[in-house]
Amino acid sequence: MEADDEEDEHDLPGLPNADEYDQIRMRCAPNPNGPWHIGHARMPAVIGTYKQRYDGWFCVRFDDTDPETKRPDLDAYDAILEDLSYLGFEADEVYTASDRLEIYYDHARRLIDAGGAYTCSCSGEEFSALKNSGKPCPHRDKSTETIHDEFEDMIAGVYDSGEMVLRVKTDIEHKNPALRDWVAFRMVDTPHPREPAADYRCWPMLDFQSGVDDHIVGVTHIIRGIDLQDSAKRQRFVYDYFDWEYPEVIHWGHVQLDEYDVKMSTSTLGTLIEAGDLDGWDDPRAPTLQSLRRRGIEGEAITEAMVQLGTSTSDVDLAMSSIYATNRNLIDEETDRRFYVREGVEVGLAGSPPGEANPPLHPNHEDRGVRHIPVGDAVFLEQDDLPARETRIWLKGLGCFHYTRDVLQYTGDPIDVVRDGDVDVVHWVPAAESVSLTLRTPDGDVTGWAEPEVGSLEPGALVQFERVGFARIDAVDAGGTDHATDASVVAYYTHD
RNA sequence: GCUCCGUUGGUGUAGUCCGGCCAAUCAUUUCGGCCUUUCGAGCCGAUGACCUGGGUUCAAAUCCCAGACGGAGCACCA
């Protein structure tokens, strides 16, 4: 399917030992505790791209096995799948770990039979102390029968949280303390928020659940963060007991984002939304996928930027400008131009300028037609664009004016004065007939006036406000196209 | 404290396994020019990097050793 460009440049390195597998199978295993932030896009972007490249397969598996500390958000399951689709990918299969408890229990029983696990009632502190000095705890050598009995009691919910765990027997003297006899199942008193899982009290830990599931669905390549580097080593003990072969694994570093004041963290964002500091997950100030989507950024631009980050184990700083640059290429040709003046300053006009300005909708596409901007006797300019006294300025699409005694005097000079470099070109809107427009940006809201026809655009339309930047029209109040007190149009800032 | 891992321009990345074709690739950013009723785009150009110190070698970004700096794990979180 990509035979003809097999040797072509790829943005991503090849997967290890890719040719040893009939099919490349990967998984994306989010914790459904909220919609995705921008950093989450890396996983689907990369495995989706690998899937296309190798004609492979990937699933989404919701690793929702902690009903308490990382309590799942019931809305997040669908929100995440929507985010995935926004990025341009569909999962071949969707699993939910909390539906699969019986599978994990069965594997735990087999592990006990294989002598690879034991129930332990040490407190966390007690065990930690023993473990750190390389000493086994007294529960390590129970009979298989006792272990089975106690594990069945765990499943039955006989114990309370903290009273009993099932540990994987690894090597209590392993030189890496992180790998010594880790917990595979623990008791959780809090019911899971999903109805079908609400009665379970004995929950697997990520390392066990994930390890078992990866094998069951035939994952060949695991891609995940460096925080899980030791997980692979822990899981190998289970794989060895079962005589399974561990998948290829790639660990990558953390992604940091520039240009945002808000930390890229699902729980932080959730707290800010809860407190009313953010309007929601799609607030333009939030570094979330829903926010970028509302701003009119194409998922493809995000995917491409993520793929360009590669898969290195060191931490990376993602510049939003790289997402913006890609998106600009995607939308520029099809996006019409409009005028929008931020925080405008009103200036009178004199000298009989033309009654209407008709700049093109798109400078490269004359066939799309022109805009219709009635001029009137005054315009709004941006504060920074106000010319010095007794100098000339070119109102884009209208003509040349001389700034005298608080008014702009039409001069009728030809465009050559601009070519000569003496005259700045600025955008403007008529003071009398523009529509008020609030532009919501990552740095906060901006108010101003847009040329009249912006008031009749459809929500969802993309525009480029000349010399300001791209924006997505979000809401239009058809009633108030003249000087209403409130904004009649709300737009979300895309990028410059 | 114990165990891992990493370090190429402002940012990301290629090259590192199998040393020479690397006075180091591509993208983005910044700056300049051209074009354009002069936005954006496009075209052209510029700035800008191999963590440090030793060693091996005719030759090191690449191999070896030491150090510095950064990151991760040692949870009944994911």
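Atom set for the values below is all heavy atoms of this structure, side chains included, hydrogens, waters and symmetry mates excluded. Letters A, B, ... are given to chains in the order of the sequence lines, protein chains preceding strands, and every chain is numbered from 1.
- Remark: A:R27 is not positioned above the aromatic ring of A:Y95, lacking an NZ or CZ atom under 6.0 angstrom from the ring centre and at most 45 degrees off the axis.
- Taking only distance into account, the side chain of A:D496 never meets the base of B:G40 through a donor-acceptor pair shorter than 3.5 Å.
- With A:F62 as the aromatic partner, A:R194 does not meet the cation-pi criteria of under 6.0 angstrom to the ring centre and within 45 degrees of the ring axis.
- Atom C1' of nucleotide B:C74 and atom CZ of A:R167 are separated by 13 Å, given to the nearest angstrom.
- Closest to the A:I226 side chain, of the nucleotides B:G71, B:C77, B:A78, is B:G71.
- Each of A:S161 and A:R42 was assigned the nucleotide of RNA chain B with the nearest heavy atom; the assignment lying further toward the 5' end belongs to A:R42.
- Ring geometry, A:F465 versus A:Y340: the interplanar angle falls from 30° to 60°, so the pair is classed tilted.
- Closest to the side chain of A:E333, from the set B:G40, B:A78, B:A72, is B:G40.
- Put simply, the residue from A:F208, A:Y159, A:Y104 that forms a ring-ring contact (aromatic ring centres under 6.0 Å, His included) with A:F185 is A:F208.
- Looking at the side chain of A:A319, the nearest of the listed nucleotides B:U11, B:G12, B:A72 is B:U11.
- In this structure, A:E274 places its CD atom where only 12 or fewer heavy-atom neighbours from other residues, nucleotides or ligands lie under 6.0 Å away.
- In the set B:C5, B:G40, B:C74, the nucleotide with an atom closest to the side chain of A:R234 is B:C74.
- There is no side-chain donor-acceptor pair under 3.5 Å between A:H40 and A:D83.
- Note on ring orientation: taking the six-membered ring where Trp is involved, the planes of A:Y105 and A:F151 are perpendicular (angle over 60°, cut-offs 30° and 60°).
- Base pairing of B:U13: no nucleotide in any strand meets the Watson-Crick or G-U wobble criterion (both distances under 3.5 Å).
- Note on A:N33: nothing from the nucleic acid sits closer than 4.0 angstrom, heavy atoms only.
- Look at CG on A:D336: it is 15 Å from C1' on B:A41, rounded to the nearest Å.
- The A:L206 side chain lies nearest to B:A78 when the options are B:A78, B:A72, B:C4.
- Looking at heavy-atom distances under 4.0 Å, A:H427 makes no contact with the nucleic acid at all.
- At a cut-off of 3.5 angstrom, the base of B:G71 holds no donor-acceptor pair with the side chain of A:D315.
- Nucleic acid contact for A:H495: none, since no nucleic acid atom lies under 4.0 Å from a heavy atom of the residue.
- No engagement by A:M164 is indicated, since no non-hydrogen atom pair under 4.0 Å with the nucleic acid exists.
- Checked by distance alone, A:R467 brings no side-chain donor or acceptor within 3.5 Å of a matching partner on the base of B:G40.
- Residues A:S321 and A:D63 both approach RNA chain B. Their nearest nucleotides, taken by heavy-atom distance, put A:S321 toward the 5′ side.
- Using a 4.0 Å heavy-atom cutoff across all strands shown, A:L179 reaches no nucleic acid atom at all.
- Note on A:S123: a base of the nucleic acid sits closer than 4.0 angstrom, heavy atoms only.
- The distance between atom CE of A:M306 and atom P of B:U11, rounded to the nearest whole Å, is 18 Å.
- Nearest to the side-chain atoms of A:N329 among the listed nucleotides B:G40, B:A41, B:G1 stands B:A41.
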Would you give a per-nucleotide map of nucleotides 33-38 of chain B, 5' to 3', where B means the base has a protein non-hydrogen atom under 4.0 Å away, S means only the sugar-phosphate does, and - means neither?
----BB
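- A parallel orientation is assigned to the rings of A:W203 and A:H192, their planes being inclined by less than 30° (bins at 30° and 60°).
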